[in-house]
Amino acid sequence: MLRRLHDELRQVARELVDGSTGAVVRDDNTTTRHVQPPLLGQLREAVAPTSDGGQGNGSGTYTPLNEHVVDVLTQIEADAADLHVKATMQDGCTAEDRIRAMVEIAGRWTNVDHVGAMLNYLREWSREIRDVLDPPKRFDLVAPCPACGVRFVWRQQDGESVKGPTLSVDGRTGCTCLDCGHVWPPAQLTHLAMAIGCESITGSASAG
């Protein structure tokens, strides 16, 4: 049963996207092979308006755009996209396989926003994995923020308000003031250390 369904699935798919070849018996009992173009290709050709017999002088017959044909093609494309997603979800592919396939598809895109959105997803996954495998150092600096002068802020910790230093350091992103939001990226930590009177910002530090 399953094998028959797979065979029929491939056969109908070929008729849709690749075309088919059938035998035609003529009046003289000879048999010839007839190539049938793919159905979707025929449908796409039927979408565009055509003119026939005009020979450049404007006297040809004009066939207007067939809206029903357009509707059928649009619906098939939408359904095919939906089925493609469902098929990949049920497939036994790994995340690695899916990422390779996504990048291959995105390589054919021309929309900058779509490519950028996919890139952001991949960057975020990379960051999350690195944070799990090699957690960045996080600590506080007991010193006033050079940007706003605030030294301590109240934070929520385990459901309670706790007073803590305003300068919070993350080994990957740099130092952030929890009051004014100013950020010093890693490349500026040496400059920040000089500004608050620390020798270096490599671990939990305090300044006067």
Side-chain angles (χ1 to χ4, degrees), residues 1-22 35-50 65-139 155-157 168-178 180-189 192 201-202:
M1 176 68 175
L2 182 60
R3 181 175 180 179
R4 180 180 65 78
L5 288 174
H6 281 159
D7 290 342
E8 186 173 354
L9 180 68
R10 296 186 183 95
Q11 177 185 345
V12 176
R14 283 194 296 270
E15 293 174 356
L16 285 166
V17 302
D18 298 322
S20 59
T21 303
V35 178
Q36 183 72 19
L39 292 173
L40 276 171
Q42 296 180 61
L43 188 64
R44 292 187 192 282
E45 291 180 359
V47 166
T50 59
L65 185 69
N66 189 322
E67 293 184 0
H68 178 62
V69 174
V70 174
D71 291 341
V72 171
L73 178 59
T74 301
Q75 187 61 53
I76 290 175
E77 289 180 332
D79 291 343
D82 182 58
L83 286 173
H84 179 257
V85 172
K86 292 178 179 177
T88 55
M89 290 296 293
Q90 297 181 33
D91 198 10
C93 295
T94 64
E96 293 88 340
D97 295 330
R98 298 185 194 279
I99 290 173
R100 292 188 188 100
M102 289 190 309
V103 172
E104 182 68 23
I105 293 172
R108 299 189 291 271
W109 292 351
T110 57
N111 187 300
V112 174
D113 293 336
H114 293 170
V115 176
M118 181 172 290
L119 176 59
N120 288 337
Y121 271 110
L122 269 59
R123 282 174 172 167
E124 180 63 17
W125 296 341
S126 297
R127 185 195 63 76
E128 290 180 350
I129 292 173
R130 290 192 177 98
D131 285 352
V132 169
L133 299 180
D134 183 21
K137 293 181 179 179
R138 292 186 174 92
F139 53 89
R155 316 179 190 180
Q156 287 296 316
Q157 182 176 327
S168 178
V169 178
D170 182 298
R172 296 199 196 283
T173 60
C175 180
T176 302
C177 174
L178 301 180
C180 70
H182 191 90
V183 176
W184 291 265
Q188 296 181 6
L189 291 183
L192 174 62
I201 301 177
T202 57

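Values in this document were obtained by computation on a predicted structure and should not be read as measured data.
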Output for pair (L5 CG, M1 CE), nearest 0.5 Å, gives 4.5 Å

Answer whether the closest heavy-atom distance between the side chains of D131 and E128 falls below 4.5 Å.
no

Where G171 and P136 come nearest, the two heavy atoms and their spacing
N-CB, 4.0 Å

Distance from Q188 atom CD to I201 atom CD1, nearest 0.5 Å?
11.0 Å

I76 side chain near L16 side chain, heavy-atom distance below 4.5 Å
no

So L122 and V103, do their side chains get closer than 4.5 Å, heavy atoms only?
yes

State the SG-CZ distance between C93 and R98, to the nearest 0.5 angstrom.
5.0 Å

Answer yes or no: is there a side-chain heavy-atom contact under 4.5 Å between L73 and R44?
yes

Tell me the closest heavy-atom pair linking L189 and W184, and the distance in Å.
CD2-O, 3.9 Å

Pair R100 + D97: basic N to acidic O under 4.0 Å
yes

Would you call R3 and E8 a salt bridge, using N to O less than 4.0 angstrom?
no

Does P38 offer a backbone N or O that forms a donor-acceptor pair with the side chain of E15 under 3.5 Å?
no

4.5 Å side-chain heavy-atom contact, R155 and L178:
yes

Quick one: are L43 and V72 in side-chain contact, heavy atoms under 4.5 Å?
yes

Rounded distance [0.5 Å steps], CG in D7 versus CD in Q11
8.5 Å

Considering all heavy atoms, the nearest T173-V183 contact
O-CG1, 4.2 Å

Any chance you could measure F139, atom CZ, to C175, atom SG, to the nearest 0.5 Å?
8.0 Å

Could you check if a side-chain atom of M118 sits within less than 4.5 angstrom of a side-chain atom of I105, using non-hydrogen atoms only?
no

Do other residues, nucleotides or ligands put more than 12 heavy atoms under 6.0 Å from the CD atom of Q156?
yes

Rounded to the nearest 0.5 Å, what separation is found between the CZ atom of R172 and the CZ atom of R130?
7.0 Å

Tell me yes or no: between the side chains of D91 and T88, is some donor less than 3.5 Å from an acceptor?
no

Side chains of E124 and N120: is there a donor and an acceptor less than 3.5 Å apart?
no

